[in-house]
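Notes to accompany the following structure.
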Amino acid sequence: MPELPEVETIVRGLRATLPGRRILQVHLGKTDFIDEPAALEASLPGSKIVSVKRHGKFIVLDIEPSNEMAQNFSLLVHLGMTGRLVVCSPNVPIAPHTHVFFELDDGRELRYTDPRRFGSIQMLQESARADLLGKLGADPLETTVANFIAVLRNRRARIKALLLDQRVLRGMGNIYTDESLWRARIHPTRIGAELQDAELRRLFRVVQLVLNEAIRLGGSSISDYVNSEGKPGEYQFRHRVYQREGKSCYRCGASIRRVIVAGRSSYFCPRCQRGPRKKAPQ
DNA sequence: CTTACGGCCTGGGTGC
DNA sequence: TGCACCCAGGCCGTAA
């Protein structure tokens, strides 16, 4: 579910309430998506949440342990396709598939809900966290157009696959990739190295535009996504191509098509986004 | 360095 | 009502 704008929205919500809070107790349901559930139960009670950050699609909670001799560590939460992280009163009915409860010292709870359990929760020391996050590419909202072009221009993979690859850029997912390519009028199967500089500059501009606009509207809610207060976003009403197969293009009226690229449904306008040149038969 | 593919899970929608 | 099938904001491991 959640891509950069959804995760950013959740992080901003959590940042308003979590820093400074202590975790009193942890309750776990299913734990197959948690690296070391026993370590969570052992280390978190009594610890303090220092800060909340986003790194790509990861939510990073920096934690000060209750044991003053122990080192600070981080809790990395990835929401996968259907993960939710919500702060609420313990009286709020428990959504199905809620597997983690953090009791907070203000009487509220931080709950993790994830029907498909494609998400993950990891407790990492500084060096392990740096190893993991260091493998990711630049944040598309923080990088420069020069760097954006540099990481794409020599690649033989298709642009859609490159934008989805978290080692190239961190934070894009299926929705915002399609939305950006449509706005930049670039076909999803174009080869990175075959894009002109002007096209890459255009792509960079619309990626930032789309992501910022989506953040402003609180992300896209298709079926599962809600923010940290349990409320849906509104960017789904601004989608121009995503899940619009057979409907007419907002720009030219042609029928939107769906193809599989990099294993994912990819929506594009066959008229506005021209395909790569086909190989001439020998 | 690539791509393709299957797998991880559950639920919702569709068509027979 | 049941059932088979397809689809879903992500990512990992394997094989080629």
Side-chain angles (χ1 to χ4, degrees), chain A residues 1-11 29-35 54-59 76-85 95-99 112-122 131-133 135-137 140 151-182 188-194 207 210-211 213-215 217-227 232-246 258-267 276 279:
Chain A
M1 96 190 196
E3 307 180 30
L4 187 155
E6 290 76 32
V7 178
E8 179 64 25
T9 302
I10 290 167
V11 162
K30 290 187 179 176
T31 58
D32 55 354
F33 60 96
I34 303 176
D35 249 19
R54 177 182 64 77
H55 195 95
K57 299 176 193 170
F58 285 94
I59 298 166
L76 267 67
V77 180
H78 196 294
L79 301 174
M81 293 276 261
T82 52
R84 300 179 179 196
L85 204 50
H97 308 288
T98 300
H99 301 301
Y112 181 78
T113 304
D114 189 355
R116 293 173 74 179
R117 304 200 302 286
F118 284 0
S120 66
I121 298 181
Q122 300 171 263
D131 285 351
L132 181 77
L133 299 184
K135 294 191 173 98
L136 303 182
V151 297
L152 295 173
R153 75 151 30 120
N154 294 318
R155 303 293 298 266
R156 299 299 305 171
R158 296 172 291 185
I159 187 63
K160 165 105 183 190
L162 291 170
L163 292 178
L164 287 176
D165 188 338
Q166 302 299 298
R167 295 164 301 183
V168 176
L169 291 164
R170 64 176 121 108
M172 304 275 292
N174 208 33
I175 294 178
Y176 298 105
T177 297
D178 280 6
E179 291 297 315
S180 298
L181 290 171
W182 179 84
T189 65
R190 295 276 304 280
I191 302 301
E194 293 175 1
V207 161
V210 164
L211 294 176
E213 182 73 349
I215 290 170
L217 293 178
S220 302
S221 293
I222 301 298
S223 64
D224 295 276
Y225 165 72
V226 291
N227 66 18
E234 292 175 0
Y235 193 74
Q236 65 277 15
F237 302 121
R238 300 287 180 93
H239 292 174
R240 302 284 92 175
V241 273
Y242 182 71
Q243 288 190 335
R244 295 196 69 247
E245 184 180 20
R258 181 176 80 96
V259 293
I260 302 297
V261 184
R264 314 293 301 278
S265 277
S266 303
Y267 302 87
K279 248 182 217 162

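All heavy atoms count here, side chains included; hydrogens, waters and symmetry mates do not.
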Between CZ of R116(A) and C1' of dG10(C) the distance, given in whole Å, is 9 Å

Review point. Is any side-chain nitrogen or oxygen of S265(A) closer than 4.0 Å to OP1 or OP2 of dA8(C)?
Key: yes

H78(A) atom NE2 is separated from dC12(C) atom P, nearest whole Å, by 8 Å

Of the candidates dA8(C), dT3(B), dG10(C), the side chain of R158(A) sits closest to dT3(B)

- request: Ignoring backbone atoms, establish whether Y176(A) has a side-chain N or O less than 4.0 Å from OP1 or OP2 of dG10(C).
  value: no

### Query
Charged N to carboxylate O below 4.0 Å: is that the case for K30(A) and D32(A)?
no

Practice task
Take atom P in dC9(B) and the same atom in dG13(C), then report the distance between them in whole Å.
Solution key: 15 Å

Notebook entry, point to check: Across the strands shown, which category fits S223(A) at heavy-atom distances under 4.0 angstrom: base, sugar-phosphate, nothing?
Noted result: base

Margin query: I'd like to know if the side chain of S265(A) pairs up with that of R258(A) as donor and acceptor (distance under 3.5 Å, no hydrogens or angles considered).
Written below: yes

Give F33(A) one of three labels, base, sugar-phosphate or nothing, depending on what nucleic acid heavy atoms sit under 4.0 Å from its own.
nothing

Per atom distances to the H97(A) side chain, the nearest of dC11(C), dC7(C), dT10(B) is dT10(B)

Does dT10(B) have OP1 or OP2 sitting under 4.0 Å from an N or O in the side chain of K30(A)? yes

L164(A) CG to dA8(C) P, in whole Å, measures 13 Å

Yes or no on side chain to side chain donor-acceptor pair (under 3.5 Å) for Y176(A) and E6(A), after CA distance, side-chain angles and deciding distance? CA-CA 11 Å; Y176(A) 298 105; E6(A) 290 76 32; 2.6 Å; yes

Here the distance between atom P of dT3(B) and atom CD1 of I191(A), to the nearest Å, is 7 Å

The nucleotide from dC11(C), dC9(B), dA8(C) with an atom nearest the side chain of Q166(A) is dC11(C)

Below 4.0 Å: OP1/OP2 of dG10(C) and any side-chain N or O of R264(A)
yes

Notebook entry, point to check: Once the angle between the rings of H78(A) and F58(A) is folded into 0 to 90°, is it parallel (under 30°), tilted (30 to 60°) or perpendicular (over 60°)?
Noted result: perpendicular

Next on the checklist: Using modelled atom types and a 3.5 Å cut-off, is there a donor and acceptor pairing between side-chain atoms of E245(A) and backbone atoms of Y267(A)?
Outcome noted: no

- Query: dG6(B) and dC5(C): how far apart are their P atoms, nearest whole angstrom?
  - Reply: 15 Å

If stacking means aromatic ring centre less than 5.5 angstrom from the base's six-membered ring centre, planes under 30°, is F118(A) stacked on dC9(B)? no

Exercise. Do the non-hydrogen side-chain atoms of Q243(A) and I222(A) ever get within less than 4.5 Å of each other?
Worked result: yes

If you look at every strand shown and take non-hydrogen atoms under 4.0 Å, does R167(A) touch a base, only sugar-phosphate, or nothing?
nothing

Paired to dG7(B) by Watson-Crick or G-U wobble criteria (both distances under 3.5 Å) is dC11(C)

I175(A) atom CD1 is separated from dG10(C) atom P, nearest whole Å, by 8 Å

- Under 3.5 Å, is there an N or O donor on one side and an acceptor on the other linking the side chain of R117(A) and the base of dC9(B)? no

When rounded to whole Å, the CG to P distance for the pair N154(A) and dC1(B) reads 13 Å

To the nearest angstrom, the CG-C1' distance between D165(A) and dG13(C) comes to 15 Å

Ranking dC8(B), dC11(C), dA4(B) by distance to the side chain of K57(A), first place goes to dC11(C)

To the nearest angstrom, the CD-P distance between E3(A) and dG10(C) comes to 5 Å

